[in-house]
Amino acid sequence: MTNIDLGRPVQGDVVDVILDDHRRFEALLRDLRDSSQDRDAVRHAFATLHVAHAEAEEKYVYPKLRRKHAVDEHEAEHGEEEHAEGNAALLKVLELKGTDTEAFADAVEELARVVNHHLTEEELTILNPARDEVGPQVRADLGEQFCTERNSQIDADCGSIDNVRRIVSAARKEGLLDEYEGRDDD
Ligand SMILES: [Fe+2]
Ligand SMILES: [Fe+2]
């Protein structure tokens, strides 16, 4: 479990609660670069929030936005691929022993690259259509579902290294990491 505060929203417009988490990701990435921080604690907090947030988006937000025709199949699938890539990059950060090594710095740099890319793309191609094409009642209902799933994932210690390993290997089997891991080889 993490003792870093990840917030505990229970309701709100789904776009707002997602954006609040995105700002938390950015703050945690900043702390992961800062050697004066307890970076072992920070990586576990990041893992918990990343898994909880992505699972809640995939379970409720993406499917609802697809049913409402706010996003298409390609955008939703691409989002899932980027979550899988974020989890794979995260697993590399978690698997390292120390946090003061060159390997840790490299793994954090890759995690930041993948996650920042996803936050930008999701805000542009998924949250903007959610704002423009889905009504406030649907966004409020989705916000509550998102928060409930997010918080119960956190309570279940979803960022444990065993759970992240499980999620990454399931994603690999589903082919969600083909492009990412293929690109690593060349
Ligand atoms: Fe997100
Ligand atoms: Fe996402």
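For the numbers below, each heavy atom of this structure counts, side chains included, while hydrogens, waters and symmetry mates do not. Atoms within a ligand are numbered from 1 in the order they appear, just like the ligands themselves.
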**Q** Just by modelled atom types, is the L32 backbone N or O under 3.5 Å from a matching donor or acceptor in the R43 side chain?
**A**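 Answer holds: no.
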
**Q** Where do V15 and L127 come nearest, in terms of heavy atoms and distance?
**A** CG2-O, 4.2 Å

**Q** Does R165 reach the main-chain N or O of L91 with its side chain, forming a donor-acceptor pair under 3.5 Å?
**A** no

**Q** Is there a donor-acceptor contact under 3.5 Å from the side chain of N163 to the main chain of C158?
**A** yes

**Q** Check this for me, if you would: do R66 and E75 make a salt bridge, where the nitrogen-to-carboxylate-oxygen distance has to be below 4.0 angstrom?
**A**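 No, this pair does not count.
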
**Q** Locate the shortest heavy-atom distance separating G159 from V164; write the atom from each residue and the value.
**A** O-CG2, 3.9 Å

**Q** Tell me, which protein N/O/S atoms are under 2.8 Å away from the Fe ion (ligand 2)?
**A** E57 OE1, H83 NE2, H118 NE2, E122 OE2

